[in-house]
Amino acid sequence: MSVEEQLKEAMERHVSGMQASPGLGRAVRRGRRASTIRFRTAGALLAVAAVAGAVPAYQALTASPGTQARDVASAKVATEVAVPDVMNMTWEQAAGAIRAAGLVTDEPREGEDRVFEQRPAAGTMVTPGTEVELVFTAELPQDLGDLGDGRTIGGVRLTYLPDGLAWGKWSGKDGFGAGSYTTTYDTPDAPAGQYSIQIVVREGEALQHGESGLDKLPQKLDVNGRPGAVGNVGEGGEASEVGVDTFNEGSTPTLIFKITDEKAVELMMSPLRAKELGKDATVAELKKIAEGIEIAKTGQ
């Protein structure tokens with residue numbers, strides 16, 4: 001077999017083994033569902049990558065063994081692109097930045113909604129075919145009016161928040177069932193729609209889901225003498241132990257406890273924050289926030 005024929009065979013093997021990386025799951029569970037836009041590399045880039053990736057195969061036939069490892073590493077770098085930072089951009093702005101980086105989108109979006117999450121993160125080196133997921137949000141609702149400092153909602157009050165977190169200045173009702181109230185807390189400079197901690201207060205019809213959560217979440221605990229439980233909740237409602245898949249996309253660390261017989265409180269932590277804290281600190285922070293929640297006094 002000639003060198004040219006060997007090169008052709010090597011290129012065909014390389015192309016046949018190429019496939020896009022699995023799509024990333026959603027990282028955040030919320031009452032409102034933000035829509036997503038997925039970016040994919042152009043087909044032309046796949047062809048370029050196939051040729052570039054086949055170069056080491058050719059060199060393996062003609063070059064000395066001492067140079068092959070360096071050539072393979074160089075070819076790999078040449079086929080990767082950096083994910084641009086498109087946080088807080090409109091779709092049009094984000095699409096322009098993505099295209100400039102050598103990626104394209106096939107799902108145009110109208111309006112002025114802004115990117116508040118992107119996966120993989122900006123600066124990540126990705127191979128051609130990797131999906132980059134962008135999550136957009138519009139202006140958040142304010143169903144309950146002015147909550148003051150945002151710590152009193154649904155008849156309960158948070159007396160403790162981790163340093164650096166503040167009210168997200170929005171609130172919603174009945175999004176988690178009739179008789180539910182929710183709001184979020186995050187750093188003051190966070191993009192609209194992003195959260196670190198979300199609280200859901202459940203009573204009436206919505207209480208039933210909170211009670212079922214107590215049964216489903218695997219780690220039982222005591223919150224000021226009241227029954228509680230903590231675990232991860234997936235997009236489909238599946239429950240698992242915190243730490244087993246805390247850092248998987250779409251799985252949210254969640255703590256539920258009954259503050260009275262007629263009222264349950266649910267705390268959710270953004271998987272991004274959980275990833276920074278780690279398993280033990282995630283559980284400890286959720287529990288500390290829960291222990292600082294009390295029935296609101298009249299006038300609060």
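Here the structure is a predicted model, which is why all the values come from computation and not from measurement.
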Original post:
Does the pair K263 and E203 meet the rule for a salt bridge (Lys or Arg N to Asp or Glu O under 4.0 Å), with working shown?
Top reply: CA-CA 5 Å; K263 193 186 297 284; E203 58 187 18; 2.5 Å; yes
**OP:** In sequence, state the C-alpha distance, the side-chain angles, and the governing distance for L144 and L147, and then conclude on side-chain contact (heavy atoms from CB on, under 4.5 Å).
**Re:** CA-CA 7 Å; L144 304 184; L147 299 184; 4.0 Å; yes
Original post:
So L103 and V81, side-chain contact (heavy atoms from CB on, under 4.5 Å) or not? Walk me through it.
Top reply: CA-CA 9 Å; L103 307 175; V81 295; 4.1 Å; yes
**OP:** Apply the test side-chain contact (heavy atoms from CB on, under 4.5 Å) to residues Q219 and V283: give CA-CA distance (whole Å), side-chain angles for both, the deciding distance (0.1 Å), then the verdict.
**Re:** CA-CA 10 Å; Q219 183 177 342; V283 174; 4.1 Å; yes
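No more than 12 heavy atoms of other residues, nucleotides or ligands lie within 6.0 Å of CD in Q208, so this atom counts as exposed by the packing criterion.
Among pairs with a residue in residues 210-221, those fulfilling salt bridge (Lys or Arg N to Asp or Glu O under 4.0 Å) read E211-K258, at least two apart in sequence or across chains.
Proximity of F257 to I293: side-chain heavy atoms (C-beta onward) are separated by under 4.5 Å at one or more points. Using a 4.5 Å heavy-atom cutoff, the side chains of L165 and T187 are in contact. Between R151 and L161 the shortest side-chain heavy-atom distance falls below 4.5 Å. For the pair V265 and R202, the minimum side-chain heavy-atom distance is 4.5 Å or more. Using a 4.5 Å cut-off on side-chain heavy atoms (C-beta onward), I199 and T184 make no contact. Counting heavy atoms from C-beta outward, V230 and T282 have side chains that stay 4.5 Å or more apart.
In the hydrophobic cluster analysis, where Ile, Leu, Val, Met, Phe, Trp and Tyr join through side-chain heavy atoms closer than 4.5 angstrom, L158 is grouped together with I259.
Taken from CD in E241 to CG in N232, the straight-line distance is 9.0 Å, to the nearest 0.5 Å. To the nearest 0.5 Å, atom NZ of residue K288 and atom OH of residue Y160 are 4.0 Å apart. Between E205 atom CD and D174 atom CG the span is 9.0 Å, to the nearest 0.5 Å. Rounding to the nearest 0.5 angstrom, the gap separating the NZ atom in K173 from the OH atom in Y181 is 8.0 Å. Here OH of Y195 is found 6.0 Å from CE of M268. Values are rounded to the nearest 0.5 Å. In this structure, the separation between OG1 on T183 and CD1 on I197 is 12.5 Å, given to the nearest 0.5 Å.
With hydrogens and angles ignored, the 3.5 Å screen pairs a side-chain donor or acceptor of N224 with a backbone N or O of E291. Panel note: side chain T254, backbone T252; a donor-acceptor pair is recorded below 3.5 Å. No donor-acceptor pair closer than 3.5 Å links the side chain of E276 to the backbone N or O of R273. Distance alone, capped at 3.5 Å, is enough to place a donor-acceptor pair between the Y185 side chain and the G150 backbone. For the pair S180 (side chain) and V201 (backbone), a donor-acceptor distance under 3.5 Å is absent.
Every residue was checked against the side chain to side chain donor-acceptor pair (under 3.5 Å) condition with D146, not counting sequence neighbours, and none meets it.
Of all non-hydrogen atoms in D261 and L207, the two that sit nearest each other are O-CD2, 3.8 Å. The two residues I98 and P84 come nearest to each other via the heavy atoms CD1-CG, 3.7 Å. When all heavy atoms of S212 and H209 are compared, the pair lying nearest together is OG-O, 2.7 Å. Between I289 and P162 the shortest heavy-atom distance is CD1-CD, 3.8 Å. Between G213 and I256, the shortest heavy-atom contact is CA-CD1, 3.8 Å. Contact detail for D222 and G225: the closest heavy-atom pair is OD1-N, 2.8 Å.
Counting only N and O atoms by type, the side chains of T182 and Q198 include a donor and acceptor under 3.5 Å apart. For the residue pair D186 / S196, a side-chain donor-acceptor distance below 3.5 Å is found, with atom types taken as modelled.
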